[in-house]
Each structure stands twice: as structure tokens, then as C-alpha cells.
Amino acid sequence: MGIEPYGRRVDGIIPLAEARAKFDPASHEAYRASAEAAKENPAHPVTDDRPRVVVAGRCVQIRAMGKLVFLVLRDHSGDLQISVSKAQVDENAFKIARKLDYGDIVVAGGAMGATQKGEVCVWADRFEVHSKSLAPPPEKWHGLTDTELRYRHRYVDMYANPETIETFQLRSRIVSGVRRFMEGRGFLEVETPMMQPVAGGAAARPFVTHHNALDIDLFLRIAPELYLKRLLVGGLPRVFEINRCFRNEGVDRSHNPEFTTLEVYEAFGDMWTMLELTESMLRNLATMVAGSDNAVLPFGELQIDWSRPFERVAYGDLFRSILGFTMWDSEKVRAKAAELGRENVANRDPWLLVNEVYEECCEPHLDPARPTFVTDYPAVISPLTRPQRDNPDLCDRWELLAGGMELGTAYTELNDPDIQRARFTEQLVGADDEEQAFRTLDEDFLNALQVGMPPAGGLGVGLDRVVMLLTNRRSIRDVILFPLLKPEGD
RNA sequence: GAUCGCGUAGCUCAGUCGGCAGAGCAGCCGCCUUUUAAGCGGCAGGUCCUGGGUUCGAGUCCCAGCGCGAUCACCA
């Protein structure tokens, strides 16, 4: 047909939703009345004051009715019907419309009007295909439901399932909302190494890579913590980073090997300033998503209320209320751990057993519909946290849980280099061979603490999980554009 | 890593007791100026995930593998 199937630049395109909003019933009625009159009396002038638009989109529905073709275009803003009448476009454009395939990317221009059935549509006088789609389209009624195909061919999922593109548009607004909030509080966004010679700041297996020119192994970071604290030492009092972490561990509905975190450090703050900040930020985001101050958002079967103050409970209080004895009662803790099937309970650190009992027995009792701060964690499981002055078994740390997931953790940072070195060393003693391979002592970080780090509050939040909760997506893969899958075998 | 479930046309899915491989949509052809997942009529479309085994005969039963999902484990 002598046409360029892959298009060219087009100016003046507006989103489909914007075009739809331009529809004006009065001018459309006036046009129809004058067209009717002209039919009976050819001398009657046809007046057409309907708004004119130029739009583009991917074709998702086609109904060809002889000399009239109805099609529905879809873009990031929504769907809009285009009506192509043989009488209103040139011969070639009509032939193109007749030969249209699902998935073609189309430009149409014309008057915003409506059909006899009242469907708002563009009555095209311009019609062009700017990209042919050669791949067969997904089924139009059921859509693309195969989860594997949705993740592997996200670009198809995005146009076949509008809620997918909506989720990622919302994710973008949430992340930029986090950024605005943090900047509004006077925090400076920074970027610290993703490739680290020592993988520190969390207890997780890292990915290993290799730098050829330097001939050294590097680890993809499991946390930015130790670098952000160096910035406190260097004199930046309020910093945050939004970036990827990588953990070489299992994959499930709430874990992807690469994930996005917000980490925050505030000089002269503590776990409580971080708690206030986190609660304000999440309430802020939920209000934005809900579009009202009454921020109750659905998450599966749950209705999570983000507008009320979050629950707060001390780790030890929760422990006692559920188990009926205190966590300092190491005999009962051992007995309970043994009952839960733990091996070798006599020789293990009692606080590690406390935490295992806690995670198995207490965490499931928290109301998943209520965001909850659990405070005052055992010090043993928190080596980067400052122990409490009057009770060194505990430390100034909280975790935030909601929807049955851990959303984040914060602490009053440990800034005593001697205690920090002792903590790191204890960890290394407990490490098995595999851990020894990647968990080495970060001497430079300890050196930074010796230079002197101000007391500080620090925070880490899993942004993917925040997005899950705020957009009501049950799998982390639904909020990560390209989640990790095994390569397709052959 | 463990257990369970699933894998059939481009897509969404049926397929009975082991007996010729099916439907709808998409595609192709013809007709049609008002359709709303669907105008009307016709045609074509297969590595039944892969490899073995049992059987006269396997999409179906058995074994092994691959992929995806769910649950668990791991994840201070």
C-alpha cells in the first residue's frame, strides 16, 4: 500500500483521557442537528464546532462494519473509541483502518463526538498506523492471565491489563512522594556504592562479582548502612538513599533478589525520631493514594487503616502476654524452643532462642490490619544498635509490621567503636564456613567510628512492600517491573 | 532446598474408564455505515512442556527432568 509501517514523528498528540475530557455534548448535539437538517435540505449549512483532537494509542478492539470501523485505542491514561467512516477519511486511510490488527499503534485525528449509542469517540478525519504489531495479541476477554507470561513479557501485560500500568504509575508517585517527604524534612539524597569489597550492614548472603582490571571480588550490596554512617562521620547530618539492595536468598511472594529500600540517617536523632518520621511518611503516602484523609486501604481481605496512630508494643511485653512467662526466664524459653522442635537448646545463646520463639509464636498474633511498631528488641540480634543504658540485654530498635510483612526497622545507632568491634567479632565467631567467605571485618568502618560518629537514628524501609500494601498487590512481583525469573530453558 | 498443584492451538480453557485432538476468542476469506468481551457466514490452525516406560493403543497411567505457582525452609 506504499505506506511506511513504522511511522514518524507526530506533534500535538494528547493522552486519550485528556481527549475524552474535551468532549462537549452541546457542540456535538448542535453538529448532529445541523447534519440532520442538511440531509433534508442540502442547502442547509453544516456547522461543526466540536473540539478537535489528535490522539495515539495501541489498538485493543476492532469492530469493522463495512464502511464504518469502530476501534478502541489504549494508552497510559485509558481507553478511547475511534470511529472511522469511509465518508470522512481518504480512501487509503480507510483501507488501512480495514486492515488494522490488534496491537497496532495508531494516530487518529478528528472531532470529539459520540455515536448513536452515546459512546464518546473521535470521528476520525485523519488515520495512520505508526507501528504494526506482528505478534499475535492476548485473548481480549480474559486477558493475559498466565503469571509467567505476564512477568516474562511485561510489555504485553502492561497493555493487556490496564491495572498493571496503573500499579507502576502509582509506584512512581509513591517513590517520588517519599523523596519529597524526605527533602521536606531537610534530608539530602545520596548514592553510595552498590559494589562493595565487604558486604556489611545486614545478615544476608550476598551476590559475588569480579572486577577484572583490579582482579578483586566485589559484593553487590546487601545494605547501604555502613556507607551512610560514614557520611554522618563526614559531616552530613541528615541523609537518605533510595536504591537497590541484593540478597542471594530465597524468592517468594514478599522477597525478590533485588529490591528497593529507603535508608535514612539523622544525626542526634534516635529510634523515636525515626518512628515519628516513618509514621508521618506512611500516613502521608496513604493519604495521597487514598485521595482523602480517611486513609483506609484494602490489602487482600484486610482493610488497613493508615490514618490512626500505629500500634506500639514492646517486644518483651508481647512475648509475655502470648507465652505467659517473661523472656528472661531462660529455662522456660529453652523448654518452649525444644517444644517447637529446636535442636541443641541447652548450648545455644538464650536470646537467639527467645527470638526464634518470638518469631514463631508472637509475630503471627499481631493484627495484620494494624500497622504495628514492635520496640525494644534483644540486643543480641541487633549488632549495629545501641544497647539500652539501664538494660543492656535490650536495645533501642523497632520493627514495623503490617499486612503480615516486615516493612522496616530502625534503631538508635551504635557509635561506640569498641563495642562495635566486639559485636562484629562475636558475629564472626558464630559464622559458619560459608559465612566466613563473605563476612569480613569492615576495618574502615570501624576506623570511621573512631574518627567519631554523632549519635544518630537510622531507618530502613522496604519500598517494594510499601508499594504492595498501598496498591493492594499481594506479590512483590506485581510491583517490580521485571522480577527475576529463571531464564527460559531450551 | 522440601512438599503439593499446574503445563493441551497465538490467547483463555475443555478433554469422561486408556480408544480418531476439541470449543470460544485471535488469524484468513466473503458480506455489512452505529458496534460496546461478541455484526453475519465460511476456512484454516497442534512438539498435548521434554525424555523414557507400561500397553494392541497414552493428552490420559508410571518414572525422570524442565518451567511456573502455592506452602514451608532460608532471610540478626
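Per chain, numbering begins at 1; letters A, B, ... match sequence-line order. No hydrogens, no waters, no symmetry mates; every other heavy atom, side chains included, goes into these values.
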A.B. asks: Is Arg397(A) touching bases, backbone alone, or none of the nucleic acid, heavy atoms closer than 4.0 Å?
C.D. replies: sugar-phosphate
A.B. asks: Can you measure from CD (Gln61(A)) to CD1 (Ile82(A)) and round to the nearest 0.5 angstrom?
C.D. replies: 12.0 Å
A.B. asks: Counting any heavy atom closer than 4.0 Å, what does Trp351(A) reach on the DNA or RNA strands: base, sugar-phosphate only, or nothing?
C.D. replies: nothing
A.B. asks: More than 12 heavy atoms of other residues, nucleotides or ligands under 6.0 Å from CE of Met195(A): yes or no?
C.D. replies: no
A.B. asks: Pick the P atom in G19(B) and in G52(B), then give their distance to the nearest Å.
C.D. replies: 23 Å
A.B. asks: Can you tell me which nucleotide in A26(B), G39(B), C68(B) comes closest to the side chain of Glu148(A)?
C.D. replies: C68(B)
A.B. asks: Would you mind reading off the distance between Leu144(A) atom CG and G10(B) atom C1', rounded to a whole angstrom?
C.D. replies: 11 Å
A.B. asks: If we take the C1' atom in both A58(B) and G67(B), what is their distance in whole Å?
C.D. replies: 23 Å
A.B. asks: Working to the nearest 0.5 Å, report the span between CG of Leu282(A) and CG of Leu277(A).
C.D. replies: 9.5 Å
A.B. asks: Using the P atom as the reference point in each nucleotide, state the distance between C28(B) and G45(B) in Å, no decimals.
C.D. replies: 16 Å
A.B. asks: Closest approach to the side chain of Lys486(A), judged atom by atom: which nucleotide of G27(B), G67(B), A76(B) is it?
C.D. replies: G67(B)
A.B. asks: By nearest heavy atom, map Leu485(A) and Gly250(A) onto RNA chain B; which one lands nearer the 5' end?
C.D. replies: Leu485(A)
A.B. asks: Give Ala64(A) one of three labels, base, sugar-phosphate or nothing, depending on what nucleic acid heavy atoms sit under 4.0 Å from its own.
C.D. replies: base
A.B. asks: Counting side-chain heavy atoms from CB outward, which of A76(B), C68(B), C13(B) is closest to Thr145(A)?
C.D. replies: C13(B)
A.B. asks: Under 6.0 Å from the ring centre and within 45 degrees of the ring axis: does the NZ or CZ of Arg230(A) meet both conditions for the six-membered ring of Phe445(A)?
C.D. replies: no
A.B. asks: Between the side-chain atoms of His255(A) and the base atoms of C75(B), is any donor-acceptor pair under 3.5 Å?
C.D. replies: yes
A.B. asks: Please tell me which of the listed nucleotides, U34(B), C68(B), C74(B), lies nearest to the side chain of Met65(A)?
C.D. replies: U34(B)
A.B. asks: Given atom CD of Glu406(A) and atom P of A76(B), what is their separation to the nearest angstrom?
C.D. replies: 8 Å
A.B. asks: Is G67(B) paired to anything, Watson-Crick or G-U wobble with both distances less than 3.5 Å, and if yes, which nucleotide?
C.D. replies: C6(B)
A.B. asks: Does a side-chain heavy-atom distance below 4.5 Å link Leu232(A) with Glu413(A)?
C.D. replies: no
A.B. asks: Would the Tyr315(A) and Tyr377(A) ring centres measure less than 6.0 Å apart?
C.D. replies: yes
A.B. asks: Could you please name the partner base of C40(B), counting Watson-Crick and G-U wobble pairs only when both distances are under 3.5 Å?
C.D. replies: G30(B)
A.B. asks: Measure from CD on Glu363(A) to P on C75(B) and round the result to the nearest Å.
C.D. replies: 13 Å
A.B. asks: Measure from the side-chain heavy atoms of His142(A) and tell me the nearest of C68(B), U34(B), U12(B).
C.D. replies: U12(B)
A.B. asks: Does a distance-only test, which skips hydrogens and angles, find a donor-acceptor pair under 3.5 Å between the side chain of Gln61(A) and the base of A37(B)?
C.D. replies: no
A.B. asks: Rounded to whole angstrom units, what separation is found between the CG atom of Asn256(A) and the P atom of C68(B)?
C.D. replies: 13 Å
A.B. asks: What integer distance in Å separates Leu71(A):CG from U36(B):C1'?
C.D. replies: 13 Å
A.B. asks: Any side-chain N or O of Lys140(A) less than 4.0 Å from the OP1 or OP2 oxygen of A37(B)?
C.D. replies: no
A.B. asks: Applying the Watson-Crick and G-U wobble criteria at under 3.5 Å, what pairs with G19(B)? Answer none if nothing qualifies.
C.D. replies: C56(B)
A.B. asks: Tell me what Ala87(A) touches on the nucleic acid: a base, only sugar-phosphate, or nothing, going by heavy atoms under 4.0 Å.
C.D. replies: base
A.B. asks: Indicate, with a heavy-atom threshold strictly under 4.0 Å, whether Thr115(A) touches base, sugar-phosphate, or nothing.
C.D. replies: base
A.B. asks: Let's test this: given Watson-Crick or G-U wobble pairing with both distances under 3.5 Å, identify the partner of G46(B).
C.D. replies: none
A.B. asks: Using only modelled atom types and a 3.5 angstrom limit, is any donor from either the side chain of Ser85(A) or the base of U34(B) paired with an acceptor on the other?
C.D. replies: no
A.B. asks: How is Phe70(A) classified with respect to the nucleic acid when contacts are heavy atoms under 4.0 Å: base, sugar-phosphate, or nothing?
C.D. replies: base
A.B. asks: If G1(B) has a Watson-Crick or G-U wobble mate with both distances under 3.5 Å, name it; if not, just say none.
C.D. replies: C72(B)
A.B. asks: Can you tell me the distance, in whole Å, between the CZ atom of Arg63(A) and the P atom of A26(B)?
C.D. replies: 11 Å
A.B. asks: With a 4.5 Å heavy-atom cut-off, do Asn243(A) and Arg221(A) have their side chains touching?
C.D. replies: yes
A.B. asks: Which one, U34(B), C74(B), A76(B), comes nearest to the side chain of Glu249(A)?
C.D. replies: C74(B)
A.B. asks: Assign Pro137(A) to base, sugar-phosphate, or nothing according to its heavy-atom contacts below 4.0 angstrom with the strands shown.
C.D. replies: sugar-phosphate
